[in-house]
Amino acid sequence: MAAGLLMIAGGTAAGIFGSLLGLGGGILIVPLLTLGFGLPLREAVGVSLVSVIATSGASAGVYLQRHMANLRLGMTLELFTALGALVGALVAFLIPDRALAGLFAALLLYVAVTMIRSGLRRGARDDGLAADAPAADLENTDPPGTLDRLSGPDYRVRNLGPAVGGSLFAGVVSALLGVGGGIVKVPVMHLVMGVPLRVAAATSNLMIGVTASASAIIYLLRGEIDPLVAGPTVLGVFVGATIGSRSAHRVDVRVLRLLFVVVLFYTAWQMIERALR
Amino acid sequence: MISDPTNRAAGPSLDLERRVANVLIGATYLSLGLIGLGVLLMIAGGVSPLDQALAFDPGRFVDDILAGRPEGVLWLGLVAVIGTPTVRVTASLISYLRDGERPMVLVAAGILGVIAASVLLATGLGG
């Protein structure tokens, strides 16, 4: 049972890290299960998808209760993230494990570089995230009624067309690599649609459940989810995410961010080795 | 000045969000409770995650649970986790139907359609 306790502990660590850094646990669970426990990549992705559904469920509920998430906008976009996830999950069964490992390494490197750049920008400006950055001014062809319905009380969304494309892409990434896809959805809503950052993050969290479940169903029914691995891991990630969200204000995230970037680069290197093997 | 497009439906909208939130939180904790129980059964039975698990078979849930096999409870919990977002969308669909919000009814029905397509495609591919 030592392996089970290690999985719970590893899942808890992934949940704490992910929650403190706002990344979700998915990005760490796949490397943990593949590199740490020798699971095939597709099985690890399946378990990771279940973990992100569980962690997003409770927090999305709280965001809705506090009216931080935009339900109409989230549901409209998740129609397309779910479609992307359906396609992504089918593609995942067609491409070899080594290609998936290469894609995962690319994702890890992208996240590491993004974290370094945002850290540098924050250091230069020292004003936190650009919470109210204006949306890119793309040519707008959306009918006004649709946008009104999707807007919030103090902001108006725009550029629905490009956001639909971004949502499809986020769904494919989520299904292929077992992550929540917030790394795509949040920038799309915030920078392209003009949704305030906090609302975008909360709405992305709400969307993770449907996005991941559209592909998790395929992994489940194709026998790629092992209940004996998924049980301890999901439980650990959920506990970790709960601890992380409650202690976020007490932790110096700068040190954690630095440590995390090192972990990401190391994990990316391991994944590249796996892809080239 | 931005007009408030949600004012018209602010009351029903807030009610809807509260209802959907309750469904989401309740279903998540219920499914995690089942998974927690399954993990306890694993520990009690000395079952390792590296052991060979029984394959997913919906027809065996009850038998596995009655026999105290951890896989039965774990499968039930995992299916409940994966099904929770669908329950949330269904609850939204019912509320939007009740409120007469036709565009959102179509969106919710579309999402359920994609999830149904996932099941059908996975079953077809598996077979």
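Letters A, B, ... mirror the listed sequences (proteins, then strands); counts begin at 1. Excluded from the calculations below are hydrogen atoms, water molecules and symmetry mates; all remaining heavy atoms, backbone and side chain alike, are included.
- Only the side chain of B:Val79 comes within contact range of chain A, judged by heavy atoms closer than 4.5 Å.
- Nearest approach of A:Gly231 to B:Val39, heavy atoms of both residues: C-CG2, 3.6 Å.
- Between chain B and the residues A:Ile225, A:Val229, A:Ile217, the most heavy-atom pairs under 4.5 angstrom are made by A:Ile217.
- Looking at B:Ser118, both its backbone and its side chain come within 4.5 Å of chain A, counting heavy atoms on both sides.
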Worked check of side chain to side chain contact (heavy atoms under 4.5 Å, CB included) between B:Leu32 and A:Val234: CA-CA 8 Å; B:Leu32 280 162; A:Val234 171; 3.9 Å; yes
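- Of the atoms belonging to A:Met7, it is side-chain heavy atoms, and not backbone ones, that fall under 4.5 Å from chain B.
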Test log, rule side chain to side chain contact (heavy atoms under 4.5 Å, CB included), inputs B:Leu24 and A:Leu206: CA-CA 10 Å; B:Leu24 205 48; A:Leu206 175 75; 4.1 Å; yes
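- A distance of 5.5 Å separates CD1 in B:Ile43 from CG in A:Leu5, rounded to the nearest 0.5 Å.
- Looking at heavy atoms from C-beta onward, B:Val107 lies out of side-chain contact with A:Glu78 at the 4.5 angstrom threshold.
- Put simply, the side chain of B:Phe56 reaches to within 4.5 Å of the side chain of A:Leu221, judged on heavy atoms.
- The line from CD of A:Gln65 to CZ of B:Arg19 is 13.5 Å long, rounded to the nearest 0.5 Å.
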Can you check side chain to side chain contact (heavy atoms under 4.5 Å, CB included) on B:Ile82 and A:Tyr219, steps first, answer last? CA-CA 11 Å; B:Ile82 295 171; A:Tyr219 282 89; over 6 Å; no
Derivation and outcome, side chain to side chain contact (heavy atoms under 4.5 Å, CB included), residues A:Thr76 and B:Met104: CA-CA 8 Å; A:Thr76 303; B:Met104 290 311 296; 4.1 Å; yes
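- Smallest separation of non-hydrogen atoms from B:Val20 and A:Leu64: CG1-CD1, 3.7 Å.
- Annotation: side chain of B:Pro85 is in contact with side chain of A:Ile53 (closest heavy-atom distance under 4.5 Å).
- Note that the CD1 atom of B:Ile111 and the OG1 atom of A:Thr81 stand 7.5 Å from one another [nearest 0.5 Å].
- When every heavy atom of A:Leu228 is checked against every heavy atom of B:Asp51, the shortest pair comes out as CD1-O, 3.7 Å.
- In terms of heavy-atom pairs under 4.5 Å with chain A, the best-connected choice from B:Pro103, B:Ala27, B:Gly83 is B:Pro103.
- Only the side chain of B:Ser92 comes within contact range of chain A, with heavy atoms under 4.5 Å apart.
- Looking at B:Ala80, neither its backbone nor its side chain comes within 4.5 Å of chain A, counting heavy atoms on both sides.
- Scanning both residues, B:Ala122 and A:Arg222, for their nearest heavy atoms gives O-CG, 4.3 Å.
- Here the shortest heavy-atom pairing between B:Leu78 and A:Pro227 reads CD1-CA, 3.7 Å.
- Heavy-atom contacts from other residues, nucleotides or ligands closer than 6.0 Å to CZ of A:Phe37 number more than 12.
- Atom CZ of B:Arg88 is separated from atom CG of A:Leu71 by 6.5 Å, given to the nearest 0.5 angstrom.
- The existence of a salt bridge linking A:Arg66 and B:Glu17 is excluded, since no basic side-chain nitrogen approaches an acidic carboxylate oxygen closer than 4.0 Å.
- For A:Ala212, no part lies under 4.5 angstrom from a heavy atom of chain B.
- We find that B:Glu101 and A:Arg72 are joined by a salt bridge, their nearest charged nitrogen and carboxylate oxygen being less than 4.0 Å apart.
- When side chains are defined from C-beta on, A:Leu220 counts as touching B:Trp75, because their heavy atoms get closer than 4.5 Å.
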